[in-house]
Structure formats: C-alpha cells, structure tokens
Amino acid sequence: MVDRGRRNALHPLSALYGIKTVRDPSIVVAEFRDPRSASNFACITVAVVIVAAAILPHTPSAALFLWALGTGAQLVLFLTLLGRWIAEPTEILHATPAWLVPIVGNVTATVPGVPLGFHETSWFLLAVGLVSWIAFLPLLLHRLIFCEDKLPGRLAPSLAIFVASPAVGCLSWLQLTGRVDAVYRFILFTALFFALLVLRMWQLAVRALPVSVAWWAYTFPSAALASALIRYCQHVPGVGERLLAWAGLAFTTIAVAGVGLISLRNCLSRLWLSVRSRPDHSADPASSPRTSNAVSSQ
C-alpha cells in the first residue's frame, strides 16, 4: 500500500514535467543550471528506480533495465551537481533541503538492487548516500538556522525531505542485512525525530498555503518512514511499535490523498478558468459592414 502511494505521488509530476520539457526546453535547461532547483531533477531518477522496484515481482527483465537506467542516471546527476557545487561559485543561500534529493536517490537504488543480484553495488550506493547525507546535513542546518535570509515560505514543505534519507536508509539496511539491529534502530529513530521536527514546524506549512507543487515533498518521505516503521513492527512486535506503524501509515495515506486531490482540484480549476477566459469568436458576424470595410481598406 505504501509503495503504491509513492508511485501515485511521483507519476503525475513526472508526466507533467515531461510535457513541460517538450513544450519549452529552454526553461528546463535554466532550471538545471540553477543551483536552487537543479537537485529536483533527481526526482525523475528516483521515480524510475521506484517503478523498477514495483514491477520487479512481475517483470524482472524490465525492472533490471529501469533499475540500471535510473541508477546510472542518478550517479551521473549526483556527480555532476557535486562537481558543479565545488568548481563554481555557490552561495550558502542556494542550499535548500532539496539538495538531499540526489542523496536519497542513491540510497533508494539499493532497495531493488539487492533482489536483482547487485549486492555489492547496493552496498556502494548505500555508503555514498549515507556519507553524503551526514556531510550535507550540518550544512543545511547551518543555512536554515544561522542565515538571516530564512527559507522562503513556499519552500517550507521541503523540510520533509530531512526525513527521507534516514527512512530510506533503514529500508536499504534491512534489504542488505536482513535484520533489524542497532544500526537500523539508530537510523530509524533519527528519521522519526526529523518527522517530529517537521510536525513541530507546522506554522511554516500554514504560511506556505495554498497547496503547490512543493507540498508533494510530504508524500515520499512519509511513505518511506511508514514503510520503515512497518518493517520495524514486523521484526520487533509490541503495542508501541504497532501504534507507530499505524500512525505512519495513516499520516502517509492522508498526505498522499490530500495533496493529490487538492492538486487535482487546482489543476482542473485553472484549466476551467483558462478555457473560460479564451475569447469567443463564434458570435462575431461572418460579414459585418465594419469587417468588410476593414478588409477593403487593407
């Protein structure tokens, strides 16, 4: 159920961005060159990897192709962004929680990588993701806490990305080791703490209203955390663990359904307004005297 929610959260945005790429590629190139938005392109590679994990039980060959495509593109993208941040002038104010998205992509690739038989490659991806997350976390916290220019209100929902890296790290660790040990608990409770921090900052989310594309940042991290809590409950049965798993699943369902329905309503309302605002030439006379005079004068 959680994996289905993650797929439903990612497919519409990927399709819409594909349409945008075809219609106006110059805007896409500008967004890729912008250090504040370039990391969002990792959402595409993450979506490809998640689709590979979803279809793996049904079509392993197609899953292998998508996993190789998404993982390879993810590594190239992360190396490109990291090299650009090092080589080119980059301000601290350019750093946003979205910088963690490429890191999450590396960790996510281990989930289908292990059942596909790429065990050592999955260890490599998990190592790159966790080390990069540990390195970038203090940088982002410094930017959010000590910089006078605070995070713009419209980007407040992106704080939920802090939950994604440790939550997906739990699933990757369990996939590689097959057990819920001290490392799993350490990473899981870190993700749970950041989830509590996101709930603590609910005022920023209210200021970010109305719902925009940035609100989709709540869907994937909450789904990953719910999956990690469910796996934890399965290995460590107990009342508290069961309540945490149900709470995570309920919050994920509300987040995905709520953001999806509100976004769909906004898209339909804007489409309706655009249709109504178009000039209606059907009522114009086909051959009025004014039109005939204008044509004759031309």
Side-chain angles (χ1 to χ4, degrees), residues 34-43 46 74 77-108 125-173 182-208 212-226 228-229 248 251 255:
D34 191 342
R36 293 166 295 185
S37 59
S39 56
N40 292 327
F41 283 82
C43 295
V46 172
Q74 171 64 42
L77 176 63
F78 185 55
L79 288 173
T80 301
L81 295 178
L82 188 59
R84 183 191 301 173
W85 294 335
I86 295 174
E88 299 179 3
T90 305
E91 299 180 4
I92 186 64
L93 295 179
H94 292 163
T96 64
W99 279 25
L100 296 175
V101 177
I103 298 173
V104 176
N106 289 319
V107 182
T108 305
L125 294 170
L126 179 60
V128 171
L130 288 181
V131 170
S132 301
W133 173 64
I134 294 174
F136 275 86
L137 184 60
L139 171 67
L140 294 173
L141 291 177
H142 179 272
R143 183 260 182 273
L144 295 175
I145 296 174
F146 296 105
C147 290
E148 295 183 0
D149 294 334
K150 295 298 182 180
L151 190 70
R154 58 184 177 83
L155 298 180
S158 65
L159 293 174
I161 304 177
F162 280 114
V163 182
S165 295
V168 179
C170 290
L171 301 175
S172 301
W173 183 263
V183 177
Y184 187 96
R185 289 179 172 87
F186 181 85
I187 305 175
L188 174 63
F189 293 150
T190 301
L192 189 59
F193 169 77
F194 279 110
L196 295 175
L197 179 62
V198 172
L199 293 176
R200 161 65 178 81
M201 307 304 295
W202 64 269
Q203 300 96 332
L204 296 179
V206 173
R207 296 174 187 173
S212 62
V213 176
W215 281 70
W216 283 92
Y218 286 118
T219 57
F220 179 77
S222 61
L225 180 59
L229 290 172
F251 183 82

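As the structure is a prediction and not an experimental result, all values here were calculated from the model.
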Can you name the closest pair of heavy atoms from [X] and [Y] and give their distance?
| X | Y | result |
| --- | --- | --- |
| W85 | T90 | O-OG1, 3.4 Å |
| S158 | A217 | CA-CB, 3.9 Å |
| V168 | A224 | CG2-CB, 3.7 Å |
| L81 | S39 | CD1-CA, 3.8 Å |
| L144 | K150 | O-NZ, 3.1 Å |
| R143 | A95 | NE-O, 2.9 Å |

For this session: Starting at CG of L140, measure out to OG1 of T96 and round the result to the nearest 0.5 Å.
Result: 7.5 Å

For this session: Please round to the nearest 0.5 Å and tell me the distance separating atom CG of N106 and atom CH2 of W133.
Result: 14.5 Å

For this session: Carefully, step by step, assess F220 and C43 under the rule side chain to side chain contact (heavy atoms under 4.5 Å, CB included).
Result: CA-CA 10 Å; F220 179 77; C43 295; over 6 Å; no

Report, one line per pair, each donor and acceptor closer than 3.5 Å where one atom sits in a side chain of residues 184-199; sequence neighbours left out.
unit_1 : atom_1 : unit_2 : atom_2 : d
Y184   : OH     : A228   : O      : 2.8
R185   : NH1    : V180   : O      : 3.3
R185   : NH1    : D181   : O      : 3.4
T190   : OG1    : F186   : O      : 2.8

Exercise. Just one of V104, L137, V107, L130 clears the side-chain contact (heavy atoms from CB on, under 4.5 Å) bar with S165, so which one?
Worked result: V104

For this session: Let me see the working for W99 and L139 under side chain to side chain contact (heavy atoms under 4.5 Å, CB included), right down to the final yes or no.
Result: CA-CA 10 Å; W99 279 25; L139 171 67; 4.2 Å; yes

For this session: Determine, step by step, whether I92 and F146 satisfy the side chain to side chain contact (heavy atoms under 4.5 Å, CB included) criterion, reporting the C-alpha distance in whole Å, the side-chain angles of both residues, the deciding distance to 0.1 Å, and the verdict.
Result: CA-CA 11 Å; I92 186 64; F146 296 105; over 6 Å; no

